[in-house]
**Student:** 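Once you've had a glance at the structure underneath, I'll fire off some questions.
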Number of protein chains: 2
Amino acid sequence: MLTQKSKYGLKAMTVLAKEYGQGPILISDIARREGIPRKFLELILLELKNEGILQSKKGKGGGYFLGHPPNQIRVGHIIRVLDGPLAPLPCVSKTAYMRCRECRDERTCGIRIIMKEVRDATAKILDETTVADMLRRVELAVNGRDALSFSI
Amino acid sequence: MLTQKSKYGLKAMTVLAKEYGQGPILISDIARREGIPRKFLELILLELKNEGILQSKKGKGGGYFLGHPPNQIRVGHIIRVLDGPLAPLPCVSKTAYMRCRECRDERTCGIRIIMKEVRDATAKILDETTVADMLRRVELAVNGRDALSFSI
DNA sequence: ATTTAGTCTACTAAACTAATAGACAATGCT
DNA sequence: AGCATTGTCTATTAGTTTAGTAGACTAAAT
């Protein structure tokens, strides 16, 4: 399950992507526009900044803005920063691999084999989708149809 | 992330599948074989029984056994019983749909559009894979190669 | 210097996870 | 009938995670 934190983070990112190139946006503005508790949002944006996904400016005229163009920021990256690895088991994570203590032979663990498929499918979607893609998909949905109706 | 509970549950299911048709297996045997705390395993098996995935017999010669042949028990079903919905967001779950309170228009929520893809990909894998498939995959892995090397 | 706006550390209530404990109920055997 | 065996059910708990809140601090602009 995606946490509230990731959900808030993704919402904030879409706001910042829409406003990309127009200078910094205030935390409070994002919080108000998306109905996110302001203090909580501060922590979230800070984490994203420490990862280089966002940049910020202090003082008057300050605020947050994207560290890269929206078509270069991957949804998977945002979620990994805020929620941790995408993998359903640490032993199938590529970015945060950890052996299972109890596991006798990792290569022949049935659960692992299946969960690796799940992790790969999830990562494929989330790492191929950028924030720009997400906005585009919303645009298409607003026009009454989803991209998938065409691309399949 | 899969919980310990689901992991234990899946391990127990593979033991019971291997022994399918050979009469009931003791909770304690499963616990010992897989290194699962016995009392915890009781609760897990009970939940699976209440869903009809397992059956049990009390008294001497009793124990647990599969409610259906291993090729008719889907991994997705087991995980849903023990961990809840597969979907990363309640609003994209098919088996446990719940609207997001804050969501203005569900059809044009970018996060939802992407997360629906993730849920569909995950559900496709876990609902198409049976316990028998999982055992088969392990067999193939033991023989030094994975089914995927052939089927793709 | 003052105001504006992000930064950093600490704290907390509620929920969830991973168990543990123990009384109870059904079944098979002698 | 009585006893051992094995699953059932309810309660409790320590530890962790989640979703915030509070407040002092720091940098930039005017």
Side-chain angles (χ1 to χ4, degrees), chain A residues 1-12 16 23-32 34-67 79 81-85 88-90 96 100-102, chain B residues 1-12 16 23-32 34-67 79 81-85 88-90 96 100-102:
Chain A
M1 277 281 191
L2 217 61
T3 61
Q4 261 318 86
K5 195 173 169 190
S6 268
K7 259 204 273 184
Y8 288 158
L10 288 168
K11 286 193 178 189
L16 290 166
I25 318 283
L26 299 182
I27 298 178
S28 328
D29 283 355
I30 303 172
R32 190 163 357 88
E34 296 296 327
I36 303 172
R38 200 226 134 129
K39 270 300 197 177
F40 195 22
L41 183 58
E42 279 183 17
L43 303 180
I44 294 168
L45 297 181
L46 201 51
E47 282 189 72
L48 292 172
K49 183 198 162 172
N50 291 336
E51 271 293 310
I53 295 174
L54 292 181
Q55 296 191 337
S56 66
K57 230 185 117 187
K58 286 184 175 178
K60 181 150 195 186
Y64 273 96
F65 49 98
L66 299 188
I79 295 179
V81 169
L82 299 176
D83 271 4
L89 289 179
C100 294
R101 264 179 299 93
E102 350 81 78
Chain B
M1 278 280 193
L2 217 61
T3 61
Q4 250 335 73
K5 194 175 170 188
S6 269
K7 260 203 273 184
Y8 288 159
L10 288 168
K11 286 193 177 188
L16 290 165
I25 318 283
L26 299 183
I27 298 179
S28 327
D29 283 355
I30 303 172
R32 189 160 1 87
E34 296 297 327
I36 303 172
R38 199 227 133 123
K39 271 299 199 178
F40 195 21
L41 184 57
E42 281 183 15
L43 302 180
I44 294 168
L45 297 181
L46 200 51
E47 280 189 72
L48 293 172
K49 183 199 163 171
N50 291 336
E51 271 292 311
I53 294 175
L54 292 180
Q55 296 190 339
S56 66
K57 231 185 116 187
K58 286 184 177 178
K60 184 149 194 184
Y64 273 96
F65 49 99
L66 299 188
I79 296 179
V81 168
L82 298 177
D83 271 4
L89 288 179
C100 295
R101 264 180 297 92
E102 349 81 75

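Just so it is clear: chains get the letters A, B, ... in the order the sequence lines come, proteins before strands, and each one is counted from 1.
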**Student:** Taking atom P of dA22(D) as reference, at what distance in whole Å does atom CD of Glu42(A) sit?
**Tutor:** 12 Å

**Student:** Contact class for Leu45(A) vs. all strands (heavy atom < 4.0 Å): base, sugar-phosphate, or nothing?
**Tutor:** nothing

**Student:** To check you understand the geometry: which heavy-atom pair defines the closest contact between Tyr64(B) and Leu16(B), and what is its length?
**Tutor:** O-CD2, 3.4 Å

**Student:** Please state how far atom CZ in Phe65(B) lies from atom P in dT6(D), giving the value in whole angstrom units.
**Tutor:** 15 Å

**Student:** Between dA19(C) and Tyr8(B), is there an OP1 or OP2 to side-chain N/O distance shorter than 4.0 Å?
**Tutor:** yes

**Student:** Nearest of dT20(C), dA24(D), dT18(D) to any side-chain atom of Thr3(A)?
**Tutor:** dT18(D)

**Student:** Figure out the NZ/C1' separation between Lys5(B) and dG15(D), and round it to whole Å.
**Tutor:** 17 Å

**Student:** Send over the distance from Leu82(A) CG to dG20(D) P, rounded to a whole Å.
**Tutor:** 14 Å

**Student:** Looking at every heavy atom in both Phe65(B) and Gly23(B), which two are closest together, and how far apart are they?
**Tutor:** CB-O, 4.5 Å

**Student:** Of the options dA19(C), dG23(D), dG6(C), whose atoms approach the side-chain atoms of Lys39(A) most closely?
**Tutor:** dG23(D)

**Student:** Taking atom P of dA5(C) as reference, at what distance in whole Å does atom CG of Leu46(A) sit?
**Tutor:** 17 Å

**Student:** Atom CG in Leu10(B), atom CG in Asp83(B): separation rounded to 0.5 Å?
**Tutor:** 8.5 Å

**Student:** Are Lys49(A) and dT7(C) close enough that a side-chain N or O sits under 4.0 Å from OP1 or OP2?
**Tutor:** yes

**Student:** Arg38(A) has an atom CZ; how far is it from atom P of dG23(D), in whole Å?
**Tutor:** 14 Å

**Student:** Whole angstrom is fine here: how far is it from CG in Leu43(A) over to P in dG23(D)?
**Tutor:** 15 Å

**Student:** Kindly indicate, with the supporting measurements, whether the criterion side-chain contact (heavy atoms from CB on, under 4.5 Å) is fulfilled by Leu41(B) and Glu34(B).
**Tutor:** CA-CA 10 Å; Leu41(B) 184 57; Glu34(B) 296 297 327; over 6 Å; no

**Student:** Return the minimal non-hydrogen interatomic distance between Ala96(A) and Pro85(A), and the atom names on each side.
**Tutor:** CB-CG, 3.9 Å

**Student:** Where do Glu47(A) and Leu82(A) come nearest, in terms of heavy atoms and distance?
**Tutor:** CB-CD2, 4.2 Å

**Student:** Please list, in numerical order, the residues of residues 50-64 of chain A that have a heavy atom closer than 4.0 Å to any atom of DNA chain C.
**Tutor:** Ser56(A), Lys57(A), Lys58(A), Gly59(A), Lys60(A), Gly63(A), Tyr64(A)

**Student:** So which atom in Gly67(A) and which in Gln55(A) form the shortest heavy-atom distance, rounded to 0.1 Å?
**Tutor:** CA-CG, 3.8 Å

**Student:** How many whole angstroms separate atom CZ of Phe40(B) from atom P of dC16(C)?
**Tutor:** 15 Å

